[in-house]
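Throughout, a chain's letter reflects where its sequence line sits, starting with A, and its residues are numbered from 1.
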Protein chains: 2
Amino acid sequence: MDKQTITIYDVAREAAVSMATVSRVVNGNPNVKPATRKKVLEVIDRLDYRPNAVARGLASKKTTTVGVIIPDVTNIYFSSLARGIDDVATMYKYNIILANSDQNGQKEVQVLNTLLAKQVDGIIFMGNQITDELRAELKRSRTPVVLSGSVDPTGELGSVNIDYVAAVMESITDLINNGNKRIAFVSGSMDEPINGEYRLKGYKMALEKAGIKFDKELIFETDYSYRAGETLWPAIASSHATAAFVGDDELAVGVLNGARDAGLRVPEDFEIITSNDSKLTEIVRPKLSSITQPLYDLGAVSMRLLTKLMDKEEVSEKTILLPYGLIKRSSTK
Amino acid sequence: MDKQTITIYDVAREAAVSMATVSRVVNGNPNVKPATRKKVLEVIDRLDYRPNAVARGLASKKTTTVGVIIPDVTNIYFSSLARGIDDVATMYKYNIILANSDQNGQKEVQVLNTLLAKQVDGIIFMGNQITDELRAELKRSRTPVVLSGSVDPTGELGSVNIDYVAAVMESITDLINNGNKRIAFVSGSMDEPINGEYRLKGYKMALEKAGIKFDKELIFETDYSYRAGETLWPAIASSHATAAFVGDDELAVGVLNGARDAGLRVPEDFEIITSNDSKLTEIVRPKLSSITQPLYDLGAVSMRLLTKLMDKEEVSEKTILLPYGLIKRSSTK
DNA sequence: CTGTTAGCGCCTTCAT
DNA sequence: ATGAAGGCGCTAACAG
């Protein structure tokens, strides 16, 4: 009936010591005579005792679990980050409660609240938009938070990502150097700072430097999905763009397939450069040129930063930028 | 400093009732006079009180969280299941602790133990092999378990999947009808029952029915990864197979690209049929023909089954088979 | 080095 | 309908 009935008290009795002592050996407290430690360990083993993490959490006010809010695990970009997060979490003895939010402000707030109710020691948030309500809740709870692969224009939250402005500027410049004058900018909602502020800025800077006039007809806003890219193709085609920068790999693959299924040759007739360098870029044909960013590391570093925050260590910089690169595969000339 | 200091006790004092009453309204216990309920609710709102789930878990012995052991979130097949699991979990007010195992027996046992230490109310396990040790641990803990998308030959664990034998048999038959006599069977480790028993059985049955002799040279065992498929291609080529059944989509894409990069035309020169009908099958060119299985639903149903088990409801059948299908896309004639 | 004693915040009988 | 009291299993001072 009961999950497990052996408590620290049983061990104490069997080993003829106090529960405090048992607690000490369980927690690796050095103040225990080797002999009694051995004895206790033996009893623990014999009784197959396992500390109840919930009770421990209540008493110590630390649950060794962190909440991870993710738009959709099914998206390879986010799941890659998640994997890095989990690995580092495990390394530091934490577990993660994963919750999908679909980038929906409502759900995010709700999920955050249940996470806080569960007394998570910290939170990692993925999502490109932070509603005011969410930000408010986040601040009210005095729980450490770090954004993973998401920017916070205000800089008040910990975050780790790459220099989107520079990365996009570089990739656009590349496209320009290949002779393209009309370059489509395809992304998710421009309301998301990462698109509307950072990436767009990089795009504009590159154009400006090359003396090309900005044309808002070349800006395409849609979802982060394969289907969205495919569907978008006709519109891109009629904009007379000869190349596209795309903000998400799945989306990029959609554009790629849209173009090819329409009879265009990539990169001869149309060039594409994408943003996340996920597995997908190598899986499709032609392989997609991409901004490279260390997805796994982004997650891993986020979690590492969070551990510091949770330990109340001093961190010199709450906003960490990881190196990015540009890899030319076969979707660009 | 403290995460949250308002306790049920504060609310009780402010509302001039006992904490028992507050507990009652919080838990929706009907034995509370509407008037006092209203008063309490008001104070709760004013003080912005939120029940501490850890304390609640300790007292009630239920944490409303379930553990999910997954080989790798980054694999689209598993993440699709995970998404279904999380959605249903949310629906039933549960949260999931997600832990990656890499299908490594050691890690699985370890992860299982920390999950149990955290007093999860139930466990969903994904992974194609259950080591004896793991099975033993699973049984010892009296925690409900259901396998999601994984078979348990012994049938003692709850599980939800599709009829792999029939599905594979059907797809192989299809390949045979297209004129193929030498069909490669590409899968993960044959030690995994899903491959070595179920799928292989379907494969053999189809051959037998068509009067084709089984040739073990056509059996290829490898990892579930894109790279593995690509790497495997030369071997497949030299086996003179004219078609392949593949047990995993990423792997199948690897084989596909391996074949195409080697100059073959698919499906004219080589046919491929894969197993999971994940997003990938539609993303690549040619699109992959596949056994179809409701990935999201597999996860969702698993979680639903788990809720029943956790509630100690009677379940007529612990092994649930969901319908599968076969979709002919462009990698088969 | 080891034991005692309070809680941690909430649920749950048992009375009233 | 409501209150009082005893845990749930463990940590954390505080004494010795």
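Taking side-chain N and O atoms only, B:Thr36 has a distance below 4.0 Å to OP1 or OP2 of D:dT2. Considering only side-chain N and O atoms, A:Arg56 lies nowhere under 4.0 angstrom from the phosphate OP1 or OP2 of D:dG9. Phosphate proximity of C:dG3 to A:Thr21: present, with a side-chain N or O under 4.0 Å from OP1 or OP2. Taking only side-chain nitrogens and oxygens, B:Lys61 comes nearer than 4.0 Å to OP1 or OP2 of D:dG9. One finds no side-chain N or O of A:Lys62 lying less than 4.0 angstrom from the OP1 or OP2 phosphate oxygen of C:dC8. Distances shorter than 4.0 Å separate some side-chain N or O of B:Tyr49 from OP1 or OP2 on C:dC10. At least one side-chain nitrogen or oxygen of A:Asn27 sits closer than 4.0 Å to the OP1 or OP2 atom of D:dT11. Close to D:dA1, at under 4.0 Å from its OP1 or OP2, lies a side-chain N or O of B:Asn31. Proximity of B:Ser23 to the phosphate of C:dC11: a side-chain N or O atom is located under 4.0 Å from OP1 or OP2.
Looking at the side chain of B:Leu58, the nearest of the listed nucleotides C:dT2, D:dC10, D:dC8 is D:dC8. Taking every side-chain heavy atom of A:Ala59 into account, C:dC8 is the closest of D:dA4, C:dC8, C:dC11. You'll find that the side chain of A:Arg24 is closest to C:dT2, out of C:dC11, D:dG9, C:dT2. Comparing D:dG3, D:dA1, C:dC11 against the side chain of B:Ala20 picks out D:dG3 as the nearest. In this structure, of D:dC10, D:dT2, C:dC8, it is D:dT2 that holds the atom nearest to the side chain of B:Val32. Distances from the side chain of A:Ser18 to the nucleotides C:dT12, C:dG3, C:dG9 place C:dG3 closest. The nucleotide whose nearest atom lies closest to any side-chain atom of B:Lys33 is, among C:dC10, D:dT2, C:dT2, D:dT2.
Taking atom CG of A:Asn52 as the reference point, atom P of D:dG7 lies 18 Å away to the nearest angstrom. In this structure, A:Arg13 atom CZ and C:dG3 atom P are separated by 15 Å, rounded to whole Å. A:Met19 places its CE atom 8 Å from the P atom of D:dT11, with the value rounded to the nearest Å.
Backbone-only engagement by B:Val17 is indicated by non-hydrogen atom pairs under 4.0 Å involving sugar-phosphate atoms exclusively. In this structure, A:Val54 reaches neither bases nor backbone, as no heavy-atom distance under 4.0 Å exists between it and the strands shown.
Within the 4.5 Å cutoff, the side chain of A:Asn128 has heavy atoms near those of the A:Gln103 side chain. You'll find the side chain of B:Met126 stays beyond 4.5 Å of the side chain of B:Ile69, heavy atoms only.
No hydrogens or angles considered: nothing links the side chains of A:Asn75 and A:Ser79 as a donor-acceptor pair under 3.5 Å.
To the nearest 0.5 angstrom, B:Leu306 atom CG is 4.0 Å from B:Met310 atom CE.
B:Asp86 places a side-chain N or O within donor-acceptor distance of the main-chain N or O of A:Asn100, the cut-off being under 3.5 Å.
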